[in-house]
Amino acid sequence: GVLAALTRVKVYFAAVVTQRAQVTSTVNLCSGNTATLTATSANGADLAWYANAVGGTPLSGNGTYVTPVLTVSATYYVEASRFGCANPVRTPVSVNVGTTPAAPTAAGRSTCAGNPVTLLATAPAGATFRWYSAATGGTLLASTANYTTNILTADTAFYVEADNNGCKSTTRTRVPVTVSPAPGNLTVTPPATSILRGQGAIFTANATGTNVIYKWYSMAGDSIFTGAVFNTGPLAATTTYTVEAVNAGGCKSGPRVSVTATVVAGNNDIPCDAATSQENSANGLCVGCYVENPTLSVDNSTLSKSTLH
């Protein structure tokens with residue numbers, strides 16, 4: 001009866017659901033151009049492109065479809081089928097259409113020799129920025145809004161372009177970096193001196209470079225004077241100072257140079273007719289001549305002195 005009827009089953013047709021096509025899900029395009037969309041199938045399925053996710057008329061082409069000229073973003077769909085049996089879910093491909101962006105806004109920077117600097121592109125909003133070493137071509141340095149350079153030792157220009165969904169700015173923005181050398185060869189004359197209690201010492205700083213500013217500090221690190229020639233004023237105890245050289249761009253010399261005024265014991269008696277003022281100068285024949293501690297010649301002490309070099 002019933003069991004006998006179920007022992008034989010005739011199958012007239014069977015089909016396996018075809019795998020969906022493989023595609024690049026997003027394509028970026030500059031406005032006014034066509035896009036070429038390509039799909040592949042792992043099992044040799046027939047491929048058809050559509051403008052709709054469901055229904056609609058197949059577009060021209062099979063695995064490859066060339067869109068019309070696009071000025072706005074669009075989505076296309078590819079359907080895979082075998083033996084007339086299509087996968088019910090079409091695979092979407094988004095075509096993002098961008099307009100030509102303006103050249104980026106990025107400010108130049110200044111830095112000291114031997115340092116890197118970070119550059120920043122701020123406009124146009126929503127764009128992708130790419131930094132290069134040249135106005136055209138060149139080496140791609142970074143694909144971010146901010147770019148930190150390598151250590152710089154000379155003035156250098158960098159270039160940045162904007163990209164809006166594959167549509168690049170027509171020109172790159174030049175971003176200059178001005179590199180200032182720090183003052184060098186900082187020396188102090190004299191490097192050390194000895195004075196009596198109540199006397200002062202004078203130190204003169206010198207460094208190579210232009211527009212050099214000399215800053216003097218106490219051993220506690222407090223700034224106490226700005227200028228090349230530093231007068232300690234009367235001292236009651238041995239004291240050490242430091243000095244650094246800085247240019248107009250804020251670039252500093254290396255480690256600060258230390259100088260010490262040593263206070264020694266001794267009498268400070270002088271005759272009543274001792275000198276109370278002094279003047280000194282060097283003519284053009286005496287190159288490099290100077291007077292060390294000129295005020296010590298009139299400081300009311302018989303133990304201190306000025307020295308002519």
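Everything numeric here is computed off the predicted structure, so don't read it as measured data.
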Verify whether one side chain among Thr118 and Thr148 offers a donor that lies under 3.5 Å from an acceptor in the other. yes
Pair Thr240, Thr260: side-chain N/O donor-acceptor within cut-off below 3.5 Å: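 Thr240 vs Thr260: donor-acceptor pair found between side chains.
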For the [atom1] atom of [X] and the [atom2] atom of [Y], what is their distance to the nearest 0.5 Å?
| X | Y | atom1 | atom2 | answer |
| --- | --- | --- | --- | --- |
| Arg109 | Thr178 | CZ | OG1 | 11.0 Å |
| Asn33 | Thr71 | CG | OG1 | 11.0 Å |
| Thr99 | Asn164 | OG1 | CG | 5.0 Å |
| Asn96 | Leu70 | CG | CG | 11.0 Å |
| Leu37 | Trp49 | CG | CH2 | 4.5 Å |
| Glu79 | Arg90 | CD | CZ | 4.5 Å |

Can you list the steps and then say if Ile195 with Val263 is a side chain to side chain contact (heavy atoms under 4.5 Å, CB included)? CA-CA 5 Å; Ile195 58 174; Val263 176; 4.1 Å; yes
Out of curiosity, does [Y] fall in the hydrophobic cluster containing [X] (side-chain heavy atoms, cut-off under 4.5 Å, transitive links)?
| X | Y | answer |
| --- | --- | --- |
| Val177 | Leu120 | no |
| Phe129 | Tyr132 | no |
| Leu59 | Val27 | yes |
| Val179 | Val212 | no |
| Phe225 | Tyr214 | yes |

Going by an N to O cut-off under 4.0 Å, is there a salt bridge joining Glu244 and Lys215? no
Between [X] and [Y], is there a donor-acceptor pair closer than 3.5 Å when you use the side chain of the first and the backbone of the second?
| X | Y | answer |
| --- | --- | --- |
| Trp131 | Tyr159 | no |
| Thr208 | Gly184 | yes |
| Asn87 | Val89 | yes |
| Ser169 | Thr171 | yes |
| Arg172 | Ala134 | yes |
| Asn247 | Pro181 | yes |
| Thr67 | Ala35 | yes |
| Thr173 | Pro104 | yes |

Could you give me the CA-CA distance, side-chain angles and deciding distance for Val188 and Tyr241, then say whether side chain to side chain contact (heavy atoms under 4.5 Å, CB included) is met? CA-CA 11 Å; Val188 180; Tyr241 304 91; over 6 Å; no
Could you pull out the closest heavy-atom pair between [X] and [Y], with the gap in Å?
| X | Y | result |
| --- | --- | --- |
| Tyr147 | Ala142 | CD1-CB, 3.7 Å |
| Ala21 | Ala39 | CB-CB, 4.2 Å |
| Pro124 | Pro101 | CG-CB, 4.0 Å |
| Ser31 | Val97 | CA-CG1, 3.5 Å |
| Ala127 | Ala162 | CB-CB, 4.0 Å |
| Val69 | Thr34 | N-CG2, 3.7 Å |

Decide yes or no on side chain to side chain contact (heavy atoms under 4.5 Å, CB included) for Asn206 and Thr189, but give the supporting numbers first. CA-CA 8 Å; Asn206 183 68; Thr189 304; over 6 Å; no
Are [X] and [Y] packed together at the side-chain level, in the sense that at least one heavy-atom pair is separated by less than 4.5 angstrom?
| X | Y | answer |
| --- | --- | --- |
| Leu152 | Asn115 | no |
| Trp216 | Val259 | yes |
| Ile202 | Val229 | yes |
| Thr242 | Met219 | yes |
| Tyr77 | Thr75 | yes |

Once the angle between the rings of Phe203 and Phe230 is folded into 0 to 90°, is it parallel (under 30°), tilted (30 to 60°) or perpendicular (over 60°)?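 Because their plane-to-plane angle is under 30°, the rings of Phe203 and Phe230 count as parallel.
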Would Thr149 and Thr156 count as a side chain to side chain contact (heavy atoms under 4.5 Å, CB included) here? Give the steps. CA-CA 10 Å; Thr149 71; Thr156 308; over 6 Å; no
